[in-house]
Structures are given as C-alpha cells and as structure tokens.
Amino acid sequence: MIYISYFCARKTATPERFYSSMNIQEEISSAVQQAVAALYQQEIGDVILQPTNKEFEGTYTFVTFALTKTLRQAPAQIGQAIGNWLVDNTSVVQAFNVVQGFLNLSVADAAWREVLTDMATNPSFGTLPATGKSVMVEFSSPNTNKPLHLGHLRNNFLGDSVSRILAANGYDVIKTCIVNDRGVHICKSMLAYQRFGNGETPESSGMKGDHLIGKYYVLFDKAYKAEIETMVAQGTDKEVAEKTAPLMQTVQQMLRQWEQGDPEIIALWNKLNTWVYAGFDTTYRSIGVTFDKTYYESQTYLLGKEIIEEGLQKGVFYRKDDNSVWIDLTEEGLDQKLVLRSDGTSVYMTQDLGTTELKYSDFNCDRQIWVVGNEQDYHFNVLFAIMRRLERPYANELYHLSYGMVDLPTGKMKSREGTVVDADDLIQETTDAASAAADDAAKGKLDGFTEAEKTSLFEMLGLGALKYYLLKVDPQKRMQFNPAESVDLHGNTGPYIQYVYARIRSVVRKAAEMDVAIDGAIAATDLDDIEQQLIFLLSQFPQRVADAGQNLAPSYIAQYAYELAKTFNQFYDKLSILKETDAEKLNNRLILSNLVAETIRKAMGLLGIDVPEKM
RNA sequence: GGUCCCGUAGCUCAGUUGGAUAGAGCAUCUGCCUUCUAAGCAGACGGUCAAGCGUUCGAAUCGCUUCGGGGUCACCA
C-alpha cells in the first residue's frame, strides 16, 4: 500500500429505517456537518461530496484537506474521526475508509433499497417542481433561400433539447423561430428563378421546395460570378464590377420593388416562399422539431424604430450629422455601434431591439434565450447592453446560447464552395446506415417487423445517432463532424443507449411471459456492487437535469444517459435477472431494470431522441 | 492590430464550483454467445493536459506570459 494511512471500519448489522423522500447525498452532507459540530465544536459551511473513485471502496467521498487549518489536525485523522462518527450515529453510512485526506463512505444496502423504492414509485422522477416562471427559446431561424444544412441541425437539436430540459426544470417554455424571409438573399433566388426557371415547380422537378430554391440561389451565384469575370476581363476593377454587375443591380432593384409592395414581385416572393416552407415542414417533421410561434422577418423588419426614438430622448443614443443614430458602449468594453442608418432604415440591431420587445409583449416571458452561433457573440453583447441602458426590466434575463461551428474533416463548411452537408441528405444517410447495420447485427430480432416498422425503426436509430452525435459535445465548443462516426451504432452513441432500452423491454416482456409478477415493493435482499452503482447513478438523475438546465447543456444529459446505459450493460452481463433463483432478488432486479429503462427513456427524451421496444 | 473563444491519447470528445494514479468512444490487438437481445461484455495498447512562470496542502481547472487554431471588429443578417 503506497498510501500513508489507510483505515477501515465496518458495522455488522444495519437497522432498517424509514427515509421519507430519501436523499442519501443530502443526508450524508448534513451528517458530516453534525459530525464536525459534535467532534470539534466547529461550524462548517456546505459539505460537498464527490463520487468515490472506482479504485476505492465507497460511493461518496468527503475531502478533508480544507478542514486541516480550522480543525488543527492531519487530514487522515479528521477523516478517521468523522468516519467513525458517521458509522456510529447514522444508518446511512455503514462503512468507510480513509486515504490521506479522502474519506470514502459506503452506504448501507437498506438505504439504497429505500432510494430505489422512492424513485421507482415516483412517476415524475426526474421532473423538477414547477418554478412558476416562463422562458422563451428562439432557435432554428432559417433563411428562405436554401435548405437546412448540418449547422442548422446542431442549432435545431440544441434549441429543441434545451427547451425540453427547461421544461423538465419546471419552466413554461415557449419555442420560437424567426424566419429570415426577406432581403437580398431571397431576391437572388427570385431573380435566378425568373430568368432561368421556365416555370419549374417542386412538382415538375420532383424536388423539395427548399432544395429547388437553393438550386436557383446557386445558379444566381454562378451567373453573377460569370458577369464579374467578363467585366474584369474587359478592364473593370473587380470591386466595381461586384457592385455594378447587371444581375446585382437588378437584385437591388427587386428588393426596392419588394419593399414598395410591387404586386408582381410580391406574388413571386409568395410563391417561392410557399415552396420553401413546405420543404422546411418536411424536414422539421422528420427531425421532430416544432415551434409554438413563428415570426417572419418580413413582418418584423420595420420594428425597433420607436425604441430608437425612445433611446434618443433618453440620451442613450445620439445622432450624427449625417442623421445616422449610434450608441457608445465603450464603457462596457464594447464599441460605438450604429443602430439606425442615415437614410432612416433599420439595420439588424434595430430589428432585434424591436423583436425582443415584441416577443416580450407577446408572451411576457421571464427569460429569453437565443440559440445562435458564436459568430454573433458580439451582436448579442451589444443587444443586451443596449437593453440594459434602456432599463428594460427583463434586460438581465436575456441570454445568448452561443454554440460553435460544425467543421468537416476536410475543414470548414462553405456554401459557396459546395462543401455544405445537406440536412435531408444526412438524415437519409444515417437511416440507411442503421438499415445496413441491421443486416449483420440484428440477426433474427426484426423477424416479426413489417417493412413499415423496419423503416420507422431505422429512422429512429439513424436520427438517434445523429442527434446524440451532435448533442454529446459541449455546445460552446467548435466540433468536428465525422460522417463515419456520426452513423456509428457502437460505443458512445445514441443507438448504443437505445439498445439498452430495447434490451430491458425484452427482458420485461419475457418476465410477463413467464408469469413473473413484478411486485412493487423492494425486498430486503443484499445488493451487489453493480446494483448499488446503478441505484447511485439513477439517484443522480434529478441533479443532472438541474445542472443541464442551469448550464443549458444537453451534453450533460447525453453523458449521463451513456453512463447509465453502460453501467446497465455491465450489470446485465454480471448478474442474471430472469434466471435468478431467489424470487426476491429477481423482483428487485426487475424493478431496478424497469427504472433504468424509464430513466433512459426520459433522458433520451430530453435530447429529443425516441427509444425502440425492439431492435 | 483591438477583443472574444479554443488547444486533453493516433482520431473524436468527457473531465460539474481546484482534489486521489487525468477518463470514454473510435482505431489496433486478445478473450467471452447450447444460458434474459453479442447492435453486448471483459482485457491490452495508448498522455510532458500546447509551452513556461506563478497562486496553494493540492492545478487540466485559477492568474500572467508565449506559441498555435478560430470568431468578430459592416450604414450585411
């Protein structure tokens, strides 16, 4: 033994005890406080317990280093004293060992059984009490000139999952989407369609509407570049050519016509947008994302001017000689920022000031969250700073959930270079991969499945793989998308976790066939280490939901679901459930397995991932 | 250049307010199905936590510096 000190103590008999709304961790924490008070006549603050390292015996560990100064004792001595006190004075702690400043605590089986009972009999386990507060989550926010791509998927999955997590944290959640349906970009598609479309429709081309419009957006770019090239060849300066190319001039003209309400242009705009929305709807349906309210920029882009006026009167903004309006945010460490153009028209910021106000007046949410890529960090810093300057009551409850870009193994995705990964294609590929994998992995398991059932299973697995792949990474971090890994079904993946659910469901079905009734009560049997571990992990779930809500981090839930699934697989391999001859143990294991399945279903549900009964 | 984010195993990533010998998955290699779903389990291999200095009982985590990668600094959105 390389450690300086190593003590052990064990109690032989543990009296049964009733714990109402059992929380072992809290119980031990406060017991440690009592121990210190009793042993040293000292008050200590919050006691933090950490999970015990796997190589040591115990479940919870209390670190005593920090107490050495106030208690004037060596860390191991303190651990030994507190450990003894806990074993003598509580029924939760049944044994302990001390390794230097680490007090490792083992929990009595009776306490574990009590916890398991509490969790298993609580249908809303993992759902936190209502806060009485509401939060708005804005995400997705597509442009109407091209289909959704991989980057949008990260955004959508994040926004959807965060909404679910907040709901589980007791918030009323309003999901919103702002469709960017106006501006130069859509005019480009419109113009290209007008020139080269020949009346093509989604029906005639067999293309999804959003893909069709995306095609014309690309066509515009090609034709535009060709014009520039010709002009440059004829001696025009490149920058001048970019601005004066006939196609660009026409697009600008079209935008003006749109703003003036030109009937012909509006009709074209409506027609193309209708196609795009139909395409988007299909994609949203396939990924299971919905919104409570959709805002259209065409209806909100004029908002915000009243706020500019208000800000001018309050002296928050100032007007320059050219009539443009600005705010000086150098005190906040930001810059001077334009909030209204010299010609009186809105910029992005003007609009966002207006829509923030609009969303607040529509729903009165206590908090607003924007799921937007981190390239807009600065924009949101400015937006929030302005709202604080304008003394909006909600100004401190605005949050930008900033997420990193998705890179391909080949580098950055660039729409102009055609290196974007299309969302619909990707979903199809993951579904195909799940189907292909089933050929050699599923063996006879899917024999009773109809073709439709198989298709729906493969969609569930493919989408599960994709969602999990994008959500398991910390949102803030830039991540790399590896196509081969994203469709993998093994290891730390969505389908691995889905598999555990299906596995448990299969066992439960078999139990029913064998007429093994699952008695709701937990019998007083000894628990294996792996069973204790499972119960411990299960008991962490509500806290994990809270942490994920606090940090708006679906990755916490993903990580948790994997940990739980992995631990269950170890349990499944080590101990038999249905072959267990002790009827009480069998019953306990079925209850435990059932709870694992339910918790996996809930955790995956928070990620927006469904789980199959069979796979 | 100002400012913000990032740098952990060959690759992709965990590492929750500072805690024990830094963990998973993939890849490579080796075992385990007449037994509840092997889409599984177990094991091996793999690290100067970008580098340096500092704070402390203790640093991947906090501070400073350097190097490297990226975002942003539009009368675009």
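So that the names make sense, note that chain A is the first sequence line, chain B the second, and so on, each numbered from 1.
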Next item on the list: For A/D474, answer base if it contacts any base atom (sugar-phosphate contacts may also be present), sugar-phosphate if it contacts only those atoms, and nothing otherwise; contact means non-hydrogen atoms under 4.0 Å.
Entry: sugar-phosphate
Next item on the list: Rounded off to whole Å, could you give me the CZ-to-C1' distance for the A/R478 and B/rG70 pair?
Entry: 5 Å
Checklist line | Residue-level proximity of residues 576-583 of chain A to RNA chain B when a heavy atom falls under 4.0 Å | finding: A/S576, A/I577, A/L578, A/K579
Check: Choosing from B/rA77, B/rA39, B/rU12, which nucleotide comes nearest the side chain of A/L457?
Finding: B/rA39
Check: Which whole-number value in Å describes the distance from A/L67 CG to B/rG19 P?
Finding: 16 Å
Next item on the list: Starting at atom OH of A/Y403, determine the distance to atom P of B/rG70, rounded to an integer number of angstrom.
Entry: 20 Å
Margin query: Taking syn as a glycosidic torsion within 90° of 0 and anything else as anti, which one is B/rC33?
Written below: syn
Margin query: I need the OH-C1' distance between A/Y378 and B/rC4, as an integer number of Å.
Written below: 11 Å
Check: Do A/T61 side-chain and B/rA20 base share a donor-acceptor contact under 3.5 Å?
Finding: yes
Next item on the list: Send over the distance from A/L338 CG to B/rC73 P, rounded to a whole Å.
Entry: 13 Å
Check: Which nucleotide, B/rG40, B/rU37, B/rG19, lies nearest any side-chain atom of A/Y572?
Finding: B/rU37
Checklist line | Euclidean distance for C1', B/rC49 against B/rG18 (whole angstrom) | finding: 15 Å
Check: Counting only side-chain N and O atoms of A/K445, is one of them less than 4.0 Å from OP1 or OP2 of B/rA39?
Finding: yes
Check: So which one's nearest nucleotide on RNA chain B is more toward 5', A/P475 or A/M615?
Finding: A/P475
Item checked: Between B/rG23 and B/rC45 - P atom distance, rounded Å -> 14 Å
Next item on the list: Would you indicate what A/I48 reaches in the nucleic acid, counting non-hydrogen atoms under 4.0 angstrom: base, sugar-phosphate, or nothing?
Entry: base
Checklist line | Backbone of A/R589 reached by a side-chain donor or acceptor of A/S593 within 3.5 Å | finding: yes
Notebook entry, point to check: For A/L340, which contact category applies under a 4.0 Å heavy-atom criterion: base, sugar-phosphate, or nothing?
Noted result: nothing
Check: Does a side-chain heavy-atom distance below 4.5 Å link A/F102 with A/F65?
Finding: yes
Notebook entry, point to check: Now, which nucleotide makes the Watson-Crick or G-U wobble pair with B/rC62, with each of the two distances under 3.5 Å?
Noted result: B/rG54
Check: Just by distance, do the side chain of A/D335 and the backbone of A/K337 share a donor-acceptor pair under 3.5 Å?
Finding: no
Next item on the list: Report yes or no: do A/Y499 and A/N569 form a side-chain donor-acceptor pair below 3.5 Å?
Entry: no
Notebook entry, point to check: Closest to the A/E485 side chain: B/rA39, B/rG25, B/rA14?
Noted result: B/rG25
Item checked: Pairwise P distance, B/rG25 and B/rA59 [rounded to whole Å] -> 28 Å
Check: When you compare B/rU8 with B/rG69, how far apart are their P atoms, in angstrom units rounded to a whole number?
Finding: 14 Å
Margin query: Measuring only the P atom in each nucleotide, how far is B/rG47 from B/rG40? A whole number of Å is fine.
Written below: 27 Å
Next item on the list: Report which part of the nucleic acid A/K614 touches: base, sugar-phosphate, or nothing (heavy-atom distance under 4.0 Å, all strands).
Entry: base
Next item on the list: Look at the side chain of A/S161 and the backbone N and O of A/L158, then say whether any donor-acceptor pair between them is shorter than 3.5 Å.
Entry: no
Checklist line | Closest nucleotide among B/rC57, B/rC36, B/rU12 to the A/Y469 side chain | finding: B/rU12
Check: Rounded to the Å, how far apart are A/L401 CG and B/rC5 P?
Finding: 16 Å
Margin query: Strictly distance-based, threshold 3.5 Å: is any side-chain N or O of A/D582 a donor or acceptor partner for the main-chain N or O of A/K585?
Written below: yes
Check: Which listed nucleotide (B/rA20, B/rG40, B/rC6) is nearest to the side chain of A/Y499?
Finding: B/rG40
Check: With a 4.0 Å cut-off on heavy atoms, is A/L575 in touch with a base, just the backbone sugar-phosphate, or nothing at all?
Finding: base
Notebook entry, point to check: Which part of the nucleic acid does A/V347 contact within heavy-atom distance under 4.0 Å: base, sugar-phosphate only, or nothing?
Noted result: sugar-phosphate
Note to self: I need the CZ-P distance between A/F380 and B/rA77, as an integer number of Å.
What the structure shows: 14 Å
Next item on the list: Classify the nucleic acid contact of A/E613 as base, sugar-phosphate or nothing, counting any heavy atom under 4.0 Å across all strands shown.
Entry: base
Notebook entry, point to check: Any donor-acceptor pair under 3.5 Å joining the side chain of A/N104 to the base of B/rA20?
Noted result: yes
Notebook entry, point to check: What is the distance, rounded to the nearest whole Å, between atom CG of A/N53 and atom P of B/rG23?
Noted result: 7 Å
Notebook entry, point to check: Expressed in whole Å, how much space separates the C1' atoms belonging to B/rU65 and B/rA9?
Noted result: 28 Å
Margin query: Taking A/Y60's backbone N and O only, do any of them form a donor-acceptor pair with A/T52's side chain (distance below 3.5 Å, no angle check)?
Written below: yes
Check: Counting any heavy atom closer than 4.0 Å, what does A/N482 reach on the DNA or RNA strands: base, sugar-phosphate only, or nothing?
Finding: nothing
Next item on the list: Under 4.0 Å between any heavy atoms, over every strand shown, what does A/E297 touch: base, sugar-phosphate, or nothing? Just pick one.
Entry: sugar-phosphate
Item checked: Any strand: nucleotide that pairs with B/rG7 via Watson-Crick or wobble, under 3.5 Å -> B/rC67
Margin query: Side chain of A/L489, heavy atoms from C-beta onward: which of B/rU37, B/rA39, B/rG71 has the nearest atom to it?
Written below: B/rA39
Check: Between A/D181 and A/N273, is a side chain to side chain donor-acceptor pair (under 3.5 Å) present by the stated rule, with each step listed?
Finding: CA-CA 8 Å; A/D181 63 344; A/N273 273 345; 4.6 Å; no
Note to self: In whole Å, measure the gap between the C1' atoms of B/rG10 and B/rU28 for me.
What the structure shows: 10 Å
Notebook entry, point to check: Across all strands, who's sitting opposite B/rU21 as a Watson-Crick or G-U wobble pair, both distances under 3.5 Å?
Noted result: none
Next item on the list: State, without any angle test, whether A/E259 and A/Y301 hold a side-chain donor-acceptor pair at a distance under 3.5 Å.
Entry: no
Note to self: Counting C-beta onward and ignoring hydrogens, is there a side-chain heavy-atom pair between A/K467 and A/R154 closer than 4.5 Å?
What the structure shows: no
Checklist line | B/rC36 pairs with, by Watson-Crick or G-U criteria that keep both distances under 3.5 Å | finding: none
Margin query: Categorize A/K477 for me: base, sugar-phosphate, or nothing, with a 4.0 angstrom heavy-atom threshold over every strand shown.
Written below: sugar-phosphate
Next item on the list: May I ask you to test the A/I44-A/L67 pair for a side-chain heavy-atom distance under 4.5 Å?
Entry: yes
Notebook entry, point to check: Mind checking the C1' distance from B/rA27 to B/rC11? Whole angstroms is fine.
Noted result: 8 Å
Check: Just one of A/Q550, A/Q543, A/R544 clears the side-chain hydrogen bond (donor to acceptor under 3.5 Å, both in side chains) bar with A/D547, so which one?
Finding: A/Q543
Check: Partner of B/rG46 by Watson-Crick or G-U wobble geometry, both contacts under 3.5 Å, or none?
Finding: none
Checklist line | From B/rU16, B/rA20, B/rG71, nucleotide with atom closest to A/Y556 side chain | finding: B/rU16
Notebook entry, point to check: In the strands shown, is B/rC41 matched to any nucleotide by a Watson-Crick or G-U wobble pair with both distances under 3.5 Å, and which?
Noted result: B/rG31
Note to self: Over all strands shown, is A/Y496 touching base, sugar-phosphate only, or nothing at heavy-atom distances under 4.0 angstrom?
What the structure shows: sugar-phosphate
Checklist line | Along RNA chain B (nearest heavy atom to each residue), the more 5'-positioned of A/Y562 and A/H185 | finding: A/Y562
Next item on the list: Quick one: look up who B/rU72 pairs with, Watson-Crick or G-U, both distances under 3.5 Å, and put none if it's unpaired.
Entry: B/rG2
Check: For B/rC57, does OP1 or OP2 lie under 4.0 Å from any side-chain N or O of A/K69?
Finding: yes
Margin query: Within the 4.0 Å heavy-atom criterion, would you say A/Q498 contacts the bases, only the backbone, or no part of the nucleic acid?
Written below: nothing
